[in-house]
Novice: 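Structure below; questions to follow.
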Number of protein chains: 2
Amino acid sequence: MSNRKASTAATISDVAKEAGVSTSTVSYVMSGNRPISKETREIVEAAMRRLKYSPRSSARALASSRSNVLGLVVPLRADVNVGVVMQFVTAVVTTARTFNQDVLLLTQDDAGSIERVTSQSMVDGLVMMDIEARDPRIPVLAKLDKPAVLIGMPDDPRGLSCVDFDFAGASRTAVRHLAELGHRGIAFIGSPPASLRRHATYADRALRGFEEACRELEVTDVSVACEANSKDLARALEKVFAGPEAITALLVHNEGLLPILRENLAAHGRSVPGDISVVVIAPADVATAAFLPWTAVSIPAMDIGRAAVEMVMDRLSLAKPAELRLIAPSLSEGASTAAVR
Amino acid sequence: MSNRKASTAATISDVAKEAGVSTSTVSYVMSGNRPISKETREIVEAAMRRLKYSPRSSARALASSRSNVLGLVVPLRADVNVGVVMQFVTAVVTTARTFNQDVLLLTQDDAGSIERVTSQSMVDGLVMMDIEARDPRIPVLAKLDKPAVLIGMPDDPRGLSCVDFDFAGASRTAVRHLAELGHRGIAFIGSPPASLRRHATYADRALRGFEEACRELEVTDVSVACEANSKDLARALEKVFAGPEAITALLVHNEGLLPILRENLAAHGRSVPGDISVVVIAPADVATAAFLPWTAVSIPAMDIGRAAVEMVMDRLSLAKPAELRLIAPSLSEGASTAAVR
DNA sequence: CTGTTAGCGCGTTCAC
DNA sequence: GTGAACGCGCTAACAG
């Protein structure tokens, strides 16, 4: 019986003694790696409960060469959107728990953290956010013996798994929707200049998709990068409306502008959607939380984060080969688009 | 010499062989727990480099009963500000690295995650954000054998270490500043109702500090909770300005409102600071990133996060007793306050 | 002082 | 269902 002073945490051999079996039996009960008779299993489980046993993760990791931890590299750049980042992080952590994995948080600027956690076997795999077109970390990751999944689509994935929202398709969907409403001049208000300069893949691809769609549909297009503040938005709109083109619609790919967009358009004498239609590319909750919901192509942060974790786990457990996955866009109509008049 | 095919990662005994010493010597070279002659040390270090040795963290953790990982519990509530959360997270991760610790990310809603990671010894200590006045997790934490630090000040810390910004003092500082400018009617626009309802300690304390300061200084006060969106802000301002009191200043403790505050005040026919003075309680970068910088009592997220980690490490390494630490507020004048006219 | 020997920490898994 | 080797690094005790 349980007559021990739990002065120190119970170990597997404490449980074995308490249950009157060997430690290997206890281990097999926990892992299920071998069939154990129902009676024995119940005795062991009761002993574990009585001793409040829980295995030391370090011992387990040492013996099994598995940490059950995933590394997640998050960006801390001023030009990325904290809201979107948090959504991804939440999705990754939540999904990881589903696979009985925990998440170690690594920051972009902590150079060498990737090598560190992987060479010390602190993590079984990695998920990386905010990938650039020619990201210098990709060769590093490709050499590792641990699976890595990129959230983003670099030019050359080097055999790494990648998953991302189809930002180009999102732009195309938005342009097509606006074109069908009769708009023949559309402006793209995009990511901050910094994001474009470093070729963050979401920024690049949304812009390219926009330009291609406009060319195909013979729509006049303007595009302008914009920081997430009122001052820069004013400058951007200035540029958009000062041009010779008659702009009657906007595609906005910059979540931080949404709270101030309507007012700034009003300052230019344009009401939404009466004078100008607006489609945004943003997480669904942000798009609908506005005073009037925006017509939006939503960034499915949860789906992307989930897919990223699934892909790491696939490579880990099933030794699946690398894959590229793009998540299809879908447009939901809000109160910010109307037929051109 | 290094004539081994690095088919599998090097271990400490590989290094020992390569250097012609015993494994304990290698260990002491790494830990510095005992003096090693310069020559030996250099031989060992060279061997480590040649074999690209890095110790398995699980083996190290098993032997030393230290994981070198801190758990960080972050809130994912809709009513907390993602920007502030990210700042804390960044501060905690950055500071943790300073102590050679990594950070495991736990989410609030993952019930039992605290017990799980501590009973499995996955973490050496915990940092918890978003504490409520009578937080149900506090008794749980107090029973653990791992040190925990709360970011927030609960009613009864039960011997846990706590650190927070002095929100009450922040409100007092702001009210005093406004009173000195001659304002005799001040409105407090606070956290979302949800935060107040669950008594998030920052929300409660900022409000209480405001009310006390107004009473002391004999200033007329109104206070209203507010969600971070335009619609609710409109309602809140309605309430503030419809009352019988002559309100000439606002104290805003809700970061999410800042991008839309100026426009909404304009809609009420009030310009800042001509008709109404505004002080905000917000992270410094948010307050200064606005079109015109706000007069602000800044939330020093970096300082708080750093202090939290330092306090966990103190308790871990130095076995220091629990302490309560409040970080003093300081007001920086921006372009949103002026003498009453 | 400097280096070594030996045992430990705790699960996992293969051979019987 | 069990015994025992194993994974890998730490450190107390001991020897030169």
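If you're wondering where the values come from, they're calculated on a predicted model, not measured in any experiment. Below, read A as the first sequence line, B as the second, and so on, with proteins coming before strands; counting in each chain starts at 1.
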Novice: Looking across every strand, which nucleic acid part, if any, lies under 4.0 Å from B:S37 by heavy atom: base, sugar-phosphate, or nothing?
Specialist: sugar-phosphate
Novice: Show every donor-acceptor pair shorter than 3.5 Å between a side-chain atom in residues 40-47 of chain B and any protein atom, with sequence neighbours excluded, or say none if there are none.
Specialist:
unit_1	atom_1	unit_2	atom_2	d
B:T40	OG1	B:S37	OG	2.7

Novice: Quick one: B:M48 CE to D:dG9 P, roughly how many Å, whole number?
Specialist: 11 Å
Novice: What is the distance, to the nearest angstrom, from the CG atom on B:N33 to the C1' atom on D:dA12?
Specialist: 12 Å
Novice: With sequence neighbours excluded, what pairs up with A:D303 under the salt bridge (charged side-chain N to carboxylate O under 4.0 Å, His left out) test?
Specialist: A:R306
Novice: Applying side-chain contact (heavy atoms from CB on, under 4.5 Å) between A:M311 and each of A:V163, A:L160, A:V127, A:L324, report the one that passes.
Specialist: A:V163
Novice: Could you tell me whether the side chain of A:S119 and the main chain of B:S54 form a donor-acceptor pair under 3.5 Å?
Specialist: no
Novice: Counting the atoms with a prime plus P, OP1 and OP2 as sugar-phosphate, which does A:V26 contact under 4.0 Å by heavy atoms, base, sugar-phosphate, or nothing?
Specialist: nothing
Novice: Which nucleotide span of DNA chain C, 5' end to 3' end, has atoms closer than 4.0 Å to non-hydrogen atoms of chain B?
Specialist: C:dT2 to C:dC10
Novice: Taking only nitrogen or oxygen atoms into account, show me every contact under 3.5 Å that the protein makes with nucleotides 3-7 of chain D, one pair per line with its distance.
Specialist:
unit_1	atom_1	unit_2	atom_2	d
D:dG3	O6	A:S24	OG	3.2

Novice: Between A:R77 and A:D130, is any pair of side-chain heavy atoms under 4.5 Å apart?
Specialist: yes
Novice: Hey, are the side chains of A:V149 and A:C162 touching, using non-hydrogen atoms and a 4.5 Å cut-off?
Specialist: no
Novice: Using modelled atom types only, decide if a donor and an acceptor are shared between the side chain of B:D124 and the backbone of B:N68 within a distance under 3.5 Å.
Specialist: yes
Novice: Do side-chain atoms of B:T25 reach the backbone of B:V21 as a donor and acceptor pair under 3.5 angstrom?
Specialist: no
Novice: If we fit an axis to the first five pairs and another to the last five of the helix from C:dC1-D:dG16 to C:dC16-D:dG1, what angle do they make, to the nearest 10°?
Specialist: 40°
Novice: Side chains of A:D79 and A:R198: closer than 4.5 Å at any heavy-atom pair?
Specialist: yes
Novice: Sorted by first residue and then second, give each ring-ring contact (aromatic ring centres under 6.0 Å, His included) pair with at least one member in residues 73-130 of chain A; sequence neighbours left out.
Specialist: none
